[in-house]
Number of protein chains: 2
Amino acid sequence: MTQTNSLSEAWVAEPMGRVAAPIREQVIAALRQAILDFQLKPGQRLVERELIEQLGVSRTTIREALRELASEGLVTVVPQRGAMVSAPSLDEAMDLYEIRAALESLVVKHFVERASDDEVRALAATVEELAQVSETTDDVRAILAAKDKFYGVLIPGARSAALQQLIDGIRARVQMLRATSLSNPGRPVEVVAELRAVAEAIARRDADSASELCAAHVRKAAMTALHALQETDADE
Amino acid sequence: MTQTNSLSEAWVAEPMGRVAAPIREQVIAALRQAILDFQLKPGQRLVERELIEQLGVSRTTIREALRELASEGLVTVVPQRGAMVSAPSLDEAMDLYEIRAALESLVVKHFVERASDDEVRALAATVEELAQVSETTDDVRAILAAKDKFYGVLIPGARSAALQQLIDGIRARVQMLRATSLSNPGRPVEVVAELRAVAEAIARRDADSASELCAAHVRKAAMTALHALQETDADE
DNA sequence: ACCGTATGATTGTCCGACAATCAGGCCTAT
DNA sequence: ATAGGCCTGATTGTCGGACAATCATACGGT
């Protein structure tokens with residue numbers, strides 16, 4: 001299997017073979033994953049020639065991939081100096097969380113208005129699945145994956161491509177902070193309760209309550225994450 | 001820049017004073033302008049080789065520029081088929097307007113919290129300037145320019161780079177609809193009244209009222225634009 | 001008239017080249 | 001010794017050409 005995607009393995013020294021999907025997409029996916037997994041650390045420079053050697057693709061492809069990631073906000077390019085992994089400041093992180101709250105409120109409102117009963121049930125199911133996971137493990141990664149399933153039902157159910165695109169971008173940019181937030185003991189339990197409340201409001205087709213509960217959830221996650229970050233900064 | 005390319009005759013004549021933005025940026029700006037001015041019409045295919053000839057730059061540059069514009073939503077690329085000028089459907093346009101309402105609400109809230117008194121006064125001044133313009137001319141282009149000045153004060157005053165980036169993207173994507181909306185007789189007068197109300201609420205530092213008024217303004221603009229568009233579709 | 005194929009157009013990707021720019025060390029003059 | 005300027009290496013920005021893969025369409029045989 002020459003073209004196993006480097007997702008689960010170390011991202012280094014894994015030349016990618018030619019599979020059906022455009023190579024550029026694979027490069028983008030690999031770099032995105034590496035950034036979100038902290039294999040590429042915030043602030044680290046991304047030198048084109050190094051990426052060429054490690055990924056085994058041409059400079060053209062690398063450059064297009066880097067620009068794509070830049071438009072997603074995951075990397076920052078400074079003219080004449082190249083790209084580096086974005087390192088959002090506290091202020092920027094807070095901004096991102098507020099934007100996320102506003103957009104996810106809108107998503108929830110649209111979900112209430114547009115989603116089928118099946119989708120509503122599926123959403124409730126993901127919450128219960130999340131509850132199961134958060135009771136049986138402390139693995140932040142597993143909990144994050146379960147939460148992503150929730151959003152995997154919620155966001156498409158809102159039937160808005162633009163909204164989906166924007167939220168995906170924002171969520172990627174705060175991914176690191178999400179992990180920090182959920183590492184806080186007791187936080188997963190609260191998360192389950194908050195999401196359950198959102199799902200119930202949705203089941204009642206109560207758009208206003210649901211979107212407000214969702215916004216409150218995001219804001220609370222923000223507080224937790226930022227608080228933890230400030231302590232980290234103070235320690236080091 | 002090493003060779004004689006002719007993005008515009010003007011800057012070729014410039015001896016050497018300007019350090020010059022990267023050519024890619026000039027290409028992006030030129031294409032963006034052409035799209036927003038309808039020189040490139042929605043749905044029109046953007047063939048790389050034609051752009052090369054018309055702009056006098058290499059394919060590398062063109063491709064990077066197209067991907068940038070794609071990430072802004074102004075062009076749509078379908079794999080193996082190339083890029084075309086985006087042509088948002090009615091549903092998509094409505095989505096964009098709702099997102100814009102949510103984000104601009106947030107901008108106004110932040111403006112109230114963060115902008116200086118000088119900025120508040122400058123904002124009010126742009127509204128009065130807009131009132132002047134809309135009374136003395138029917139030129140939609142001039143009115144749009146005046147409105148852009150309003151946003152030119154409002155958005156930076158919110159002190160959020162992420163928010164600014166997102167709103168710029170959304171606003172570009174509905175630019176065509178904005179023109180349609182303002183062409184509606186009587187609409188400019190209403191716009192002035194609505195923005196005046198927003199500015200006054202901001203002057204009172206009443207964040208909740210201001211953001212709600214702003215959202216209402218965007219929603220009303222959406223109604224006007226979409227209504228006009230539906231008629232257009234019905235006529236033709 | 002139907003269907004498969006030849007053909008052309010266009011994109012995706014690679015390669016190599018060179019100027020422009022930036023960072024840092026080195027050298028000189030005061 | 002220090003300030004300032006120069007040289008050099010590393011890296012990006014842009015160019016041109018090349019080729020396979022893929023899509024669109026016209027063509028030809030049946």
Side-chain angles (χ1 to χ4, degrees), chain A residues 2-3 5-6 13-32 40 43-71 74-86, chain B residues 1-8 11-12 14-32 40-41 43-71 74-86:
Chain A
T2 43
Q3 86 284 15
N5 50 15
S6 47
E14 180 86 25
M16 38 189 57
R18 323 228 144 139
V19 286
I23 294 183
R24 173 171 25 90
E25 300 297 337
Q26 298 180 49
V27 172
I28 292 172
L31 289 177
R32 185 189 291 123
L40 296 174
Q44 176 173 345
R45 284 192 64 183
L46 299 174
V47 182
E48 294 175 0
R49 201 173 53 79
E50 296 175 0
L51 297 177
I52 290 171
E53 292 169 2
Q54 288 169 338
L55 294 174
V57 298
S58 76
R59 195 145 87 100
T60 308
T61 306
I62 290 288
R63 284 177 62 85
E64 289 192 3
L66 284 179
R67 302 218 168 276
E68 172 76 29
L69 291 171
S71 81
L74 288 183
V75 312
T76 306
V77 315
V78 282
Q80 231 67 38
R81 293 258 260 143
M84 61 177 55
V85 180
S86 293
Chain B
M1 200 154 143
T2 41
Q3 328 204 341
T4 54
N5 51 34
S6 53
L7 259 184
S8 98
W11 80 269
V12 178
E14 300 286 328
M16 74 142 222
R18 289 293 162 214
V19 187
I23 291 183
R24 173 172 22 91
E25 300 297 337
Q26 298 181 42
V27 172
I28 292 172
L31 288 177
R32 186 189 289 124
L40 296 174
K41 295 167 190 168
Q44 177 173 344
R45 284 193 63 183
L46 299 173
V47 183
E48 294 175 359
R49 199 168 48 80
E50 296 175 0
L51 297 177
I52 291 172
E53 291 168 3
Q54 289 171 343
L55 295 174
V57 298
S58 76
R59 196 146 87 102
T60 308
T61 307
I62 291 287
R63 283 178 63 85
E64 289 192 2
L66 285 180
R67 301 217 168 275
E68 173 75 30
L69 292 171
S71 81
L74 288 182
V75 312
T76 305
V77 314
V78 283
Q80 233 68 36
R81 289 274 229 112
M84 61 177 59
V85 180
S86 293

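A note on names: the letters A, B, ... follow the listed sequences, proteins ahead of strands, and every chain is numbered from 1.
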Taken to the nearest whole Å, CD1/A:I62 to P/C:dG12 is 17 Å
Sorted by chain and number, sequence neighbours left out, side-chain contact (heavy atoms from CB on, under 4.5 Å) with A:R49 holds for A:E53
Margin query: Less than 4.0 angstrom between a side-chain N/O of A:R81 and OP1 or OP2 of C:dA23, yes or no?
Written below: yes
The bend of the helix from C:dA1-D:dT30 to C:dT30-D:dA1, taken between the axes of its five terminal pairs at each end and rounded to 10°, is 10°
A:E48 CD to D:dT14 P, in whole Å, measures 11 Å
Please confirm whether the shortest side-chain N or O distance from A:T61 to OP1 or OP2 of C:dC14 is below 4.0 Å. yes
Worksheet item: Are A:V57 and A:I62 close enough that some pair of their side-chain heavy atoms sits under 4.5 Å apart?
Response: yes
DNA chain C nearest-nucleotide lookup for A:Q80 and B:V47: closer to the 5′ end is B:V47
- prompt: Under 4.0 Å: is that the gap between some side-chain N or O of A:R49 and OP1 or OP2 of D:dA10?
  reply: no
B:I23 atom CD1 is separated from D:dT14 atom C1', nearest whole Å, by 7 Å
When rounded to whole Å, the CG to C1' distance for the pair A:L66 and D:dT12 reads 12 Å
Please examine the side chains of B:L31 and B:L66, heavy atoms only from C-beta on, and report whether any two atoms are closer than 4.5 Å.
yes
Inset, instruction - Could you tell me whether a side-chain N or O of B:R67 sits under 3.5 Å from a main-chain N or O of A:A65, the two making a donor and an acceptor? - result: no
Rounded to the nearest 0.5 Å, the CZ atom of B:R32 sits from the CD atom of B:E68 at a distance of 7.0 Å
- prompt: Would you say a side-chain N or O of A:R67 is under 4.0 Å from OP1 or OP2 of D:dG13?
  reply: yes
Among C:dG12, C:dC15, C:dT10, the one nearest any side-chain atom of B:R45 is C:dT10
Next on the checklist: For C:dT11 and B:R63 - does any side-chain N or O of the residue sit under 4.0 Å from the phosphate oxygens OP1/OP2?
Outcome noted: no
Between CD of B:E50 and C1' of C:dT10 the distance, given in whole Å, is 10 Å
